[in-house]
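The figures that follow rest on heavy atoms only: side chains count, while hydrogens, waters and symmetry mates do not. The sequence lines fix the lettering, A, B, ..., with proteins before strands; numbering per chain opens at 1.
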Protein chains: 2
Amino acid sequence: MPDDFSLGSVETKIAPTERFAQFLQARGKRLTRQRRVIVEMVFSHHDHFDAEELIDHLRPLIAARQVSRPTIYRTLGELIDARMLRSIMTVSGRSVYEHDYGYPRHDHLHCQTCGRLIEFQCEPIVRLCEQVAREHDFQVAGHRVFVTGTCAACRQKR
Amino acid sequence: MPDDFSLGSVETKIAPTERFAQFLQARGKRLTRQRRVIVEMVFSHHDHFDAEELIDHLRPLIAARQVSRPTIYRTLGELIDARMLRSIMTVSGRSVYEHDYGYPRHDHLHCQTCGRLIEFQCEPIVRLCEQVAREHDFQVAGHRVFVTGTCAACRQKR
DNA sequence: TTAGCTGCAAAGCCTTTGCAATTTA
DNA sequence: TAAATTGCAAAGGCTTTGCAGCTAA
């Protein structure tokens, strides 16, 4: 029986909701209607998002008292515990989340003009980070490369 | 007459306070007693710091009504405008600042256990970031590499 | 003199928490 | 049934702002 939800070799083979259900069950927690709705919303987009955007998407349900802000924040935290979401960084004071399930590891180019996050993968950078860490006798848990600047679209608009 | 304070080839040749004075003057702003005290405090340590730590250092002056929290926040913003400080990222919701004047560009290893930031420089990483940006037709303004994990000291304590 | 600056108090913003009522397994 | 979860309202924590008095040039 799988117990370690942080590894899992077949992790991309089951639907996010089901995986979350397994995670919850393993902890004696419950898959409530609210949690189900939130996970489905989160994993129906392959986007980076912050809590406010998620809340926007769920606004009809919030208005209908089907789910609330505190529950959304609590569930985001649980999805991070479940390693299904990562908090990538706070831009202007907000936490930004991205999928950590069924989606490859990557880094970002951040356009300062339009705020867009462009994903990229660069193995050599990852290896260099690991090498630097080794030189400092530092044990790596993860890394984050963030390149800021202006995207092609925004440069053309000027 | 120098007008662009973001470049300046001799920027490390004058004291921070004086450079800030020039920046302020060029904008019709004034070097007040408070601003002077804050810049001197900020540049007397070669540390990363957040507003709270700076406020701690200035506490005697705050108690003596010589300077206030809002003025500290306002001055930090001005030091960023002057390109003398950079806001490197928000860890747990706080802005962390570091010197961008008289101090070389670098990146960080961040120990998740003790919170320490270890600086490093790695030109190849910088060049790879630039290359990735080029591939995406993205104009680079800066980059930030953040490696998270556990430092040697914290691993030994366990 | 007079724009610019300051401190105070209060507001903002995003997020978290206490608690009584509700709901899941 | 009993523990877990929810929504509400309120509190937190950091940062910013409005404003009347103060101050640097």
Side-chain angles (χ1 to χ4, degrees), chain A residues 17-18 20-39 41 48-56 58-82 85 87-97 115, chain B residues 17-18 20-39 41 48-56 58-82 85 87-97 115:
Chain A
T17 307
E18 193 179 337
F20 191 42
Q22 289 180 5
F23 167 83
L24 292 170
Q25 192 169 42
R27 302 223 177 172
K29 296 183 154 197
R30 297 166 185 174
L31 180 60
T32 58
R33 183 171 39 74
Q34 290 89 336
R35 281 176 177 154
R36 185 188 299 277
V37 162
I38 293 167
V39 193
M41 190 81 246
H48 302 89
F49 64 93
D50 59 31
E52 220 37 55
E53 291 173 76
L54 181 56
I55 286 165
D56 269 348
L58 293 168
R59 203 165 295 287
L61 290 175
I62 294 174
R65 304 291 146 93
Q66 299 290 302
V67 71
S68 68
R69 277 175 99 93
T71 295
I72 292 170
Y73 279 105
R74 286 189 276 236
T75 302
L76 285 173
E78 287 154 357
L79 284 168
I80 287 172
D81 290 345
L85 229 46
S87 171
I88 52 171
M89 87 169 291
T90 60
V91 181
S92 66
R94 286 184 183 180
S95 293
V96 174
Y97 305 89
Chain B
T17 307
E18 193 180 337
F20 191 42
Q22 290 178 4
F23 167 82
L24 291 169
Q25 190 168 43
R27 302 224 177 169
K29 296 181 155 200
R30 295 165 187 176
L31 179 61
T32 60
R33 182 171 40 74
Q34 290 90 334
R35 281 175 178 155
R36 184 188 299 274
V37 163
I38 294 167
V39 193
M41 191 77 244
H48 303 89
F49 63 94
D50 61 30
E52 220 38 54
E53 291 174 77
L54 181 57
I55 286 165
D56 269 348
L58 293 168
R59 203 164 296 286
L61 290 175
I62 294 174
R65 305 290 145 93
Q66 300 289 302
V67 70
S68 67
R69 276 176 101 90
T71 296
I72 292 170
Y73 280 105
R74 286 189 276 238
T75 303
L76 285 173
E78 286 153 358
L79 285 168
I80 287 172
D81 290 344
L85 229 46
S87 172
I88 53 172
M89 89 170 291
T90 60
V91 181
S92 67
R94 285 185 182 178
S95 292
V96 174
Y97 305 90

Nearest whole angstrom, please: distance from the [atom2] of [N] to the [atom1] of [X].
X       : N      : atom1 : atom2 : answer
A/Asp50 : C/dC14 : CG    : C1'   : 10 Å
A/Ile38 : D/dT5  : CD1   : P     : 13 Å
B/Leu61 : C/dT6  : CG    : P     : 14 Å
A/Arg74 : C/dT17 : CZ    : P     : 9 Å

**Asked** What are the residues of residues 62-73 of chain B, sorted by number, that bring a heavy atom to within less than 4.0 Å of DNA chain C?
**Response** B/Arg65, B/Gln66, B/Val67, B/Ser68, B/Pro70, B/Thr71
**Request:** State, to 0.1 Å, how close A/Val37 and A/Leu58 come at their nearest heavy-atom pair, and which atoms those are.
**Result:** CG1-CD2, 3.7 Å
**Message:** Restricting to side chain to side chain donor-acceptor pair (under 3.5 Å), what partner residues turn up for B/Arg30, sequence neighbours left out?
**Reply:** none
**Asked** For B/Thr32, which residues count as a side chain to side chain donor-acceptor pair (under 3.5 Å) partner, sequence neighbours excluded?
**Response** none
**Message:** Report for the helix from C/dT1-D/dA25 to C/dA25-D/dT1: angle between first-end and last-end helix axes, five pairs each, rounded to 10 degrees.
**Reply:** 30°
**Any side-chain heavy-atom pair of B/Asp81 and B/Phe23 under 4.5 Å** = yes
**Fill in**
Closest to the 5' end of DNA chain C, once A/Glu52 and B/Leu24 are matched to their nearest nucleotides, is B/Leu24
**Prompt:** B/Glu52: what forms a side chain to side chain contact (heavy atoms under 4.5 Å, CB included) with it, not counting sequence neighbours?
**Reply:** B/Asp50, B/Ile55, B/Arg59, B/Arg69, B/Tyr73, B/Arg94
What does the list of N/O pairs under 3.5 Å between the protein and nucleotides 23-25 of chain D look like, with a distance for each?
unit_1 : atom_1 : unit_2  : atom_2 : d
D/dA24 : N3     : B/Arg30 : NH1    : 3.1

